[in-house]
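Shown next, in structure tokens, is the structure this report addresses.
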Amino acid sequence: MTPGSTPGVPGVVVVTGVSRFLGAHVAARLVADDRIDRVIGLDALDPAPELASLLDGVERVRADAEAVGSVVDDLGADAVVHLNLITAPDPHQGGRAAMKEQNVIGTMQLLAACQRAPRLRKLVVRSSTAAYGASFRDPAVFTEDTEPRAVPRGGFARDILDIEGYVRGFRRRRPDVVATVLRFAPFIGSRANTTLTRYFAQPVVPTVLGRDPRLQFVHVDDALEILYRSVVSDHPGTYNVAGPGVLALSQAIRRAGRIAVPVVEPGLSGAAGIARALGFGRYGLDQVDLFVHGRVVDTTRLTREYGFTPRSTAAAFDDFVQGHRDPAPLGPERLHRAEQAILDGIRRTRAAVRERVGQRGGRIDG
Amino acid sequence: MAEEPAGAEANVHRVDPVGRPARPGPREPAVADEPGDVWDRRVAAGLAFLRRRLSGRYEIDEFGFDPELTEQVFQPLLRVLYRDWFRTEVTGAEHLPVEGSGLVVGNHSGTVALDALVLAAVLHDVHPTHRYLRLLGADLVFRMPFVSELVRKTGGTMACNPDAERLLGRGELVGVFPEGFKGVGKLYSERYKLQRFGRGGFVSAALRTGAPIIPVAIVGAEETYPMLANITPLARLLKLPYFPVTPTFPWLGPLGVVPLPSKWLIEFCPPIPTAHLVDSADDPLVVFNLADQVRETIQQKLHELLERRPDPFGP
């Protein structure tokens with residue numbers, strides 16, 4: 001620890017993946033904390049222009065997976081926050097091969113470097129609830145102790161299992177380092193831009209026929225808060241990070257005012273493969289598995305240890321819907337107007353019928 | 001059966017206050033509705049229900065249970081089935097816990113697991129506070145598209161200890177059929193003979209959470225789809241636990257899906273407390289003994305009920 005710094009708060013923090021949304025925001029949040037002396041952003045790529053302003057106080061080091069080795073120790077890092085994960089293959093940046101290289105090899109190199117850094121006291125690793133895999137024999141709700149029952153089909157989920165395996169090894173070899181693994185539910189919110197948010201922004205949304213998975217999201221602002229707290233205080237262990245509560249996929253699509261188009265599952269898997277081969281769309285087996293099995297986690301441990309409850313899945317999703325105020329095909333206003341129109345129509349018809357019956361009754365009387 | 005009309009009546013009443021939507025809009029209805037016009041209220045309630053469903057403004061729990069859909073759509077359908085088609089008579093409703101957790105353990109039969117759905121619907125209607133029975137189903141149920149979602153939406157989940165204990169821990173009433181497919185898929189000649197109870201996982205779930213076990217005997221489901229034969233090769237080909245041949249299936253095609261109108265009797269037995277055995281959840285002796293006790297209770301009750309019902313298709 002740097003002399004003079006607050007106990008528990010690391011003096012020098014290395015954040016990987018600052019070229020992207022999560023990394024840039026976490027780095028900015030840490031810079032804003034006066035107790036932290038240096039925040040170093042590690043990334044092989046330049047940040048997107050809209051994120052550049054966030055990184056003003058961040059010392060940026062350009063380093064790819066292999067160069068990372070020397071950096072962590074040379075910089076005298078007290079804490080490393082590993083956020084540089086790719087969740088879906090990007091055909092413009094090397095596709096699945098580059099994704100795996102980054103996720104698995106990148107993490108391996110980083111952890112090897114961390115293991116050699118004597119000053120290191122803290123490691124925070126971004127993981128995902130995809131770590132639980134997807135099987136029909138799964139319990140409805142995963143706690144942190146649930147083991148995956150089957151090796152998942154999706155590339156990202158397999159990467160996550162590998163990454164968590166490396167962290168387990170690291171924990172064994174460096175028991176003196178506080179290691180926090182955060183299994184995040186898919187991010188959502190008005191600012192988030194992920195495969196899933198793009199999916200829900202389409203007017204017509206493909207789903208799996210006969211399946212209505214239970215989904216959970218975490219608001220991206222809450223994810224940042226949890227990451228920040230993981231750095232400035234000690235929370236060793238593995239935590240599920242998700243908004244409490246559940247939305248069914250059909251329910252989420254309706255809340256977003258979109259139209260669901262059910263597709264047979266093999267068709268969807270095939271379509272995802274073809275779309276990837278042709279170079280458009282970033283949907284893969286990870287998404288198909290999620291849309292067949294759904295994924296719900298228990299967040300009791302997070303709430304207890306962090307003293308913080310993320311906003312609920314429904315609230316986080318509603319914030320996302322609010323942020324995308326483009327005209328939805330089945331928005332709540334349209335539904336409300338339709339309901340009112342039908343109700344008025346029925347009332348008018350009934351009134352007319354009543355009147356006519358009344359007149360006829362009158363004639364008979366007369 | 002005395003309780004049902006009252007239950008159905010209460011149900012109708014419960015729908016109305018919810019269904020009356022609060023309209024913030026400035027638009028006045030084109031025609032002033034007559035105060036107390038029941039049809040106008042029904043139409044408005046129906047439309048409000050549709051709008052809520054279409055805009056996703058309803059709650060489901062972490063298991064996927066959708067109380068609104070269950071109450072408004074599935075419960076009325078099942079009510080017709082168990083009341084008018086099966087003429088179900090229920091006794092022992094006073095043995096159901098008014099509040100807090102409870103594990104309802106029943107005998108399973110009838111080729112199609114109709115008894116589980118009927119039990120859940122009956123329990124909801126006869127229970128003084130109309131609680132829902134959260135059913136535990138085999139993993140095969142959750143492999144099947146549509147069926148899996150139907151089961152989840154009506155409150156069911158995978159029959160595994162984490163789910164059972166989680167539900168009981170939340171203070172829910174959980175329904176389980178320990179015979180599983182051995183019970184549903186047995187031949188008609190084996191009717192009302194309880195099959196093996198497996199490893200007694202249901203008992204350890206009850207013990208760990210201290211939930212009382214309420215045995216329930218169901219008579220009538222065996223005759224709904226009397227399974228005369230089981231075509232094993234076909235079952236193996238279709239990866240099913242059995243392929244049934246009944247008097248109507250597969251001969252009559254889709255008509256074979258209609259259950260025979262047998263007479264049903266359901267009796268809830270006095271609860272078996274487990275709170276004093278919480279520490280013995282891992283003791284196989286205690287678990288097996290308790291499982292045997294539950295099994296014996298149900299088997300005896302089945303014999304009693306069968307004596308009360310000499311004609312399976314009687315009134």
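The chains referred to below are lettered A, B, ... by the order of the sequence lines, with proteins before strands, and numbering in each begins at 1. Everything numeric here is computed off the predicted structure, so don't read it as measured data.
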For [X], which atoms come within 4.5 Å of any heavy atom of chain B: side chain, backbone, both, or neither?
X	result
A/Leu247	backbone
A/Val296	side chain
A/Asp145	neither

Next on the checklist: Between B/Asp163 and A/Pro139 (side chain of the first, backbone of the second, donor and acceptor by atom type, cut-off under 3.5 Å), is there such a pair?
Outcome noted: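 Not confirmed, B/Asp163 side chain does not pair with A/Pro139 backbone.
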Checklist entry - Could you walk me through whether A/Arg211 and B/Ser148 pass the side chain to side chain donor-acceptor pair (under 3.5 Å) check? => result CA-CA 8 Å; A/Arg211 301 284 178 189; B/Ser148 58; 3.0 Å; yes
Item to check | Set of residues satisfying ring pair (Phe, Tyr, Trp, His ring centres under 6.0 Å) with respect to A/Phe187, sequence neighbours excluded | outcome: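 For A/Phe187, the residues satisfying ring pair (Phe, Tyr, Trp, His ring centres under 6.0 Å) (neighbours in sequence not counted) are A/Phe184.
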Which value, rounded to the nearest 0.5 Å, describes the distance between [X] atom [atom1] and [Y] atom [atom2]?
X	Y	atom1	atom2	answer
A/Gln251	B/Tyr58	CD	OH	4.5 Å
B/Leu54	A/His336	CG	NE2	13.5 Å
B/Glu62	A/Phe142	CD	CZ	12.5 Å
A/Ile346	B/Asp40	CD1	CG	9.0 Å

Checklist outcome for this item: residues 133-142 of chain B vs salt bridge (Lys or Arg N to Asp or Glu O under 4.0 Å), sequence neighbours excluded, gives A/Arg137-B/Asp139, B/Asp61-B/Arg134, B/Arg134-B/Glu172, B/Asp139-B/Arg143
Checklist entry - Would A/Asp212 and B/Arg152 pass as an ion pair if we require N to O under 4.0 Å? => result no
Checklist entry - How far apart are the closest heavy atoms of A/Arg254 and B/Gly56, and which atoms are they? => result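 So the minimum-distance heavy-atom pair works out to CB-N, 3.7 Å.
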